[in-house]
Amino acid sequence: GHFPSVTVLHMGLEKSRGGNFLTSHLCSAVDDTLAKQKQVILFLNRRGFHTAIICADCSESVRCTQCEIAMTHHRSSNRVICHYCGHELAPPDECTHCKSRRLKYIGSGTERIEAEVKRTFSGAAVLRMDSDTMSSRNAHEEALESFRTREKDILIGTQMIAKGLDFPGVSLVGVISADTSLLLPDFRAAERTYQLISQVAGRAGRVDDAGRVIVQTYNPEHYAVRLAVENDYERFAAIELAARLEHGYPPFGHL
């Protein structure tokens with residue numbers, strides 16, 4: 001299918017404006033879009049506060065030595081835990097890959113993003129949609145209606161808004177952090193990342209000719225990100241299936 005122009009930004013290298021989640025490049029694009037009286041959708045990969053620990057120098061995350069899965073930092077107990085095998089450690093002082101001591105704690109909840117967006121674009125009407133704000137069935141319809149009728153300028157949400165919705169007023173779609181799902185403790189992480197980016201790119205393609213997609217990521221070279229942007233599902237599936245076979249993950253085994 002025809003994809004709009006997709007720009008991939010490396011979050012580790014891009015300057016952010018004010019907060020942690022919005023690169024200045026994405027901010028400028030939002031400014032332009034609002035100035036043209038158009039709407040913006042910003043996607044977040046997950047709700048809640050899953051925190052991964054990433055090296056600021058080599059971008060590797062702290063992974064479980066047994067499962068190769070990204071471990072999750074729990075603030076309350078200040079432990080790093082693998083959600084697959086239960087292996088836990090004290091948070092490391094240095095990167096296991098390159099020994100750098102510049103470790104970043106990355107976790108982003110929709111509330112934090114919403115606060116940052118409201119602060120950065122104080123004149124804009126912002127709507128947040130996730131499973132916390134959308135408890136009743138009607139809430140969902142009403143929220144989308146308020147966006148469709150242009151009462152709101154910026155919609156922030158999780159995957160639940162990625163599927164099958166058309167908003168003629170939208171000309172910019174941003175993915176705040178495409179690879180938070182790459183860091184999730186889940187063997188389907190790459191698949192989810194590919195799916196999100198390709199859905200989002202497809203979503204903006206139906207908007208208008210000038211539809212832009214900006215994908216912020218810490219791993220621009222990761223095959224899930226690169227191949228989703230290139231819309232190359234065959235290659236993605238081949239690489240992903242080989243990796244799953246090697247670890248005995250589904251579809252080659254049962255968990």
Side-chain angles (χ1 to χ4, degrees), residues 3-14 16 20-23 25-26 42-46 50-65 67-73 80 82-84 92 95-98 100 102-108 113 158-159 162 173-204 212-247 249-252:
F3 270 19
S5 66
V6 180
T7 308
V8 177
L9 301 177
H10 188 323
M11 286 179 87
L13 305 178
E14 290 280 335
S16 63
N20 302 318
F21 302 119
L22 304 170
T23 60
H25 188 115
L26 178 58
L42 298 175
F43 280 100
L44 190 63
N45 234 344
R46 272 296 162 89
H50 258 79
T51 305
I53 303 178
I54 293 193
C55 173
D57 291 323
C58 77
S59 293
E60 271 296 341
S61 53
V62 173
R63 291 179 179 273
C64 177
T65 45
C67 309
E68 281 289 300
I69 297 281
M71 297 178 82
T72 302
H73 179 245
V80 183
C82 172
H83 282 191
Y84 263 1
C95 173
T96 47
H97 299 269
C98 74
S100 159
R102 293 176 51 217
L103 296 179
K104 284 173 139 172
Y105 285 67
I106 313 259
S108 46
I113 304 273
T158 46
Q159 271 102 317
V173 179
V175 180
I176 298 284
S177 167
D179 46 17
T180 39
S181 64
L182 285 176
L183 305 172
L184 281 178
D186 190 336
F187 72 91
R188 290 188 301 273
E191 180 184 353
R192 293 214 165 109
T193 298
Y194 182 95
Q195 184 180 21
L196 175 79
I197 295 173
S198 58
Q199 273 179 359
V200 165
R203 145 109 288 109
R212 291 166 74 189
V213 176
I214 293 179
V215 175
Q216 297 188 151
T217 171
Y218 281 98
N219 292 281
E221 287 309 304
H222 192 286
Y223 65 93
V225 175
R226 223 179 46 242
L227 296 173
V229 167
E230 292 167 16
N231 199 15
D232 189 344
Y233 177 73
E234 303 293 319
R235 268 249 13 248
F236 172 73
I239 296 173
E240 182 63 14
L241 286 167
R244 293 211 191 164
L245 181 60
E246 188 188 341
H247 288 285
Y249 284 138
F252 303 104

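The shortest non-hydrogen separation linking Pro92 to Val80 is CD-CG2, 4.3 Å. The two atoms that bring Val225 and Asn219 nearest to each other are CG2-O, 3.8 Å, heavy atoms only. Here the closest heavy-atom approach between residue Tyr223 and residue Ala190 is recorded as OH-CB, 3.8 Å. Heavy atoms only, all atoms of each residue included: Ser198 and Gln195 are closest at OG-O, 3.2 Å.
In this structure the side chain of Val6 reaches within 4.5 angstrom of the side chain of Val215, judged on heavy atoms. For the pair Cys82 and Arg63, the minimum side-chain heavy-atom distance is 4.5 Å or more. Counting heavy atoms from C-beta outward, Ile53 and Ser61 have side chains that stay 4.5 Å or more apart. Side-chain atoms of Ile239 and Leu227, non-hydrogen and from C-beta on, do get closer than 4.5 Å to each other.
For Tyr233, the OH atom sits in a loose shell: 12 or fewer heavy atoms of surrounding residues, nucleotides or ligands are nearer than 6.0 Å.
When each of Leu103, Asp57, Ile54 is checked for a side chain to side chain contact (heavy atoms under 4.5 Å, CB included) with Cys95, only Leu103 meets the rule.
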| message | Let's go through Cys98 and Cys55 carefully: what are the C-alpha distance in whole Å and the side-chain angles of both, what is the deciding distance for side chain to side chain contact (heavy atoms under 4.5 Å, CB included) to 0.1 Å, and is it a yes or a no? | response | CA-CA 9 Å; Cys98 74; Cys55 173; 3.7 Å; yes
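Remark: the backbone N or O of Ala56 is not paired with any side-chain donor or acceptor of Arg102 at under 3.5 angstrom. A donor-acceptor pair under 3.5 Å is absent between the side-chain atoms of Arg244 and the main chain of Tyr249, judged by distance alone. Between the side chain of Asp232 and the backbone N or O of Arg235, at least one donor-acceptor pair lies under 3.5 Å. Judged by distance alone, the side chain of Gln216 and the main-chain N or O of Met11 form no donor-acceptor pair under 3.5 Å.
A salt bridge does not link Glu240 to Arg188: none of the charged nitrogens lies less than 4.0 Å from a carboxylate oxygen.
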